[in-house]
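Below, read A as the first sequence line, B as the second, and so on, with proteins coming before strands; counting in each chain starts at 1. These numbers come from a predicted model, not from an experiment.
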Amino acid sequence: MKMKTTLFNNISGDENSDQLNNNILSDEELWTDLQGGSSIAFHQIYQRYVQVLFNYGKKFTNQRELIEDCMQELFTGLWKYREKLGSVKNLKSYLLISFRRKLIPELQKANRLTEINKKNVRFEIVFSPERTKINEERQLEQNQNLLNQLNSLPERQREALYLRYYEGLSCQEIAEIFEMNPQSVYNLLNRAINLLKKRLLISILILFYIFFHLSE
Amino acid sequence: MNKEKHVDQLIEHPQFQQWVKNPDSQSDKYWEEWMGDNPERVEAVDLAKKVLLSISFKEENMVEREVDVLWNKIKVGVQEPYPVHVKTSSNPLWWKYAAAITAILVCAFAYLVFIQNEKEENKTAVVYLEKTNQLGQKATIFLGDGTVIKLNSGSTLKYPKVFNNDERVVYLEGEAFFEVAKNPKKPFTVISGKIRTKVLGTSFNVRAYPEDNKVQVAVLSGKVGVKVPSKESLVLLPNESAIYNKSESEVKHAKVDMEKELAWKDNIIYFKNADFEEIRNVLERWYGVNFLLKKDVKIEYDFTGKFENRSLESVLEGISFSLDFQFEIDKDTVVIF
């Protein structure tokens, strides 16, 4: 068994930082170990990404069984074909892409049989806990308007937002998932960001206005 | 518009994203210093922060048990011999533990080989294990193939220590919820009295108490085949059930409310238009008590309601009020009058 220690740099960003102790391997090291047949590396990859994948799956459907079946298939395949898989640049985006490729056809199959899943808003944008703290009524109302506007963006645009700003994938990687060119992904995201900037600037201005008005 | 550009730069900055999402003292310090050095960008930071915080999604995680169950299934799904996984620690004592564990594994392995040889020699019948829950008791059983079974109170599950090569068969008396690990080559069969429930990999609930007149199989996911003697096999889909009436030897295929059927797993008693007979059976098993009905007591109403982690007394208080009866609890006996 291999024992490696890598210094963990807190600011460089790995969301698992809290559950890690000092002999944590990087994704690249885990991948190499997995290809060499290390079951411990396999388990660590599972532990590191099980919630990321489940969370992503839940954005498409509430059918937990289906999500878990696809995850099972994904990981089983990962172990079985580990030697043939070649090198992987970014493990997280690799897993997200492979998972999505399994999940989408399964969902289409399942939804042809049952009609239950239709009501579900996919990739719904919600209040972040930080924003919910602000309980100024007027602001809440404005936030709600903003949310509605965000949630009426096309589903694909919201998924891009999710992958870019929630999971931290690059435009290049998202382009691979959507099978489109990176520039289009960039434009897709930019449209949403511009909308947000505009809306937020306006609401800041309104608040300022109210503030000065009241204090006069 | 230089300002706008600054905002965009911050929004795309990985460390900045990280700080907005999960601030800690280290990153707080870093960005405060940064703003001190770049006072003209404080506004940009504020707006960029607001933008990123507006893009928020619900966090939906699996609970620890689900993570373990899924891992168990994956391990089983991996066909080739899978090396035993031992949890490691960074403690210097690690090597000692490893040595000790290795020694134990070697012994266990030797023991298994020995047993295996013995079995091979005198091809005896399959060894069965049996788990019986007393009234008022529940248990979770993890089978070697990755299947997880939650066994309700007053129920017995009999299962082979090791499944043979071409099928998985278990015997149930009472009620259990099955989450069967997928294996298309080895169907999984639950035998409960005269009813056989056969699946490849799904989750479903079987209620087959010997003292009840009805046996019910209810499906949460996947496809389930149910075979009743001298009847065609029924195929059940999610949210469907088969109800077998023992005295009339009749089977009914019906829609079912899975939330109600599976409430027991989460320690919830759930009645829906339940008559007194049903209430009595459920409570007797759940709390391990006997009901004694005084003469002339007639209870005609139905009851609908949920109880979560409640004492027998408080459950009975709720029900007696709407069904209009009095009760007294004396040790293991509930007297109804």
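- Here the side chain of A:N55 pairs a donor or acceptor atom with the backbone of B:E60 at under 3.5 angstrom.
- In this structure, chain A has heavy atoms under 4.5 Å from both the backbone and the side chain of B:E59.
- Using a 4.5 Å cut-off between heavy atoms, A:Y165 touches chain B through backbone and side chain atoms alike.
- Here the side chains of A:N194 and B:E4 are in contact, with some heavy-atom distance below 4.5 Å.
- Neither the backbone nor the side chain of B:V69 has a heavy atom closer than 4.5 Å to any heavy atom of chain A.
- With values rounded to the nearest 0.5 angstrom, B:F57 atom CZ is found 15.5 Å from A:K58 atom NZ.
- Contacts of A:R64 with chain B are made by side-chain atoms alone, with heavy-atom separations under 4.5 Å and no backbone atom involved.
- Within the 4.5 Å cutoff, side-chain heavy atoms of A:I193 are placed close to those of B:I55.
- Under the 4.5 Å side-chain criterion, counting only non-hydrogen atoms from C-beta, B:V67 is in contact with A:Y46.
- Side chains of A:E65 and B:T202 form no contact here, defined as non-hydrogen atoms less than 4.5 Å apart.
- Within the 4.5 angstrom heavy-atom criterion, no atom of A:Y56 approaches chain B.
- Atom CG of A:D69 sits about 7.5 Å away from atom OG of B:S221, to the nearest 0.5 Å.
- Heavy-atom distances place the backbone of A:E124, and not its side chain, under 4.5 Å from chain B.
- Under a 3.5 Å cut-off, the side chain of A:Q51 and the backbone N or O of B:M62 do form a donor-acceptor pair.
- Rounded to the nearest 0.5 angstrom, B:S56 OG and A:L147 CG are separated by 9.0 Å.
- Side-chain contact check for B:K75 versus A:H43: every heavy-atom pair is 4.5 Å or farther apart.
- Only the side chain of A:L150 comes within less than 4.5 Å of a heavy atom of chain B; its backbone N, CA, C and O stay farther away.
- Looking only at distances, a side-chain donor or acceptor of A:K59 sits under 3.5 Å from a matching main-chain atom of B:K58.
- Counting only distance, with no hydrogens or angles, the side chain of B:K21 and the backbone of A:Y166 share a donor-acceptor pair below 3.5 Å.
- Atoms SG and CD, on A:C171 and B:E12 in that order, are 6.5 Å from each other to the nearest 0.5 Å.
- Taking CH2 of A:W79 as the reference point, atom CD1 of B:I74 lies at 12.5 Å (rounded to 0.5 Å).
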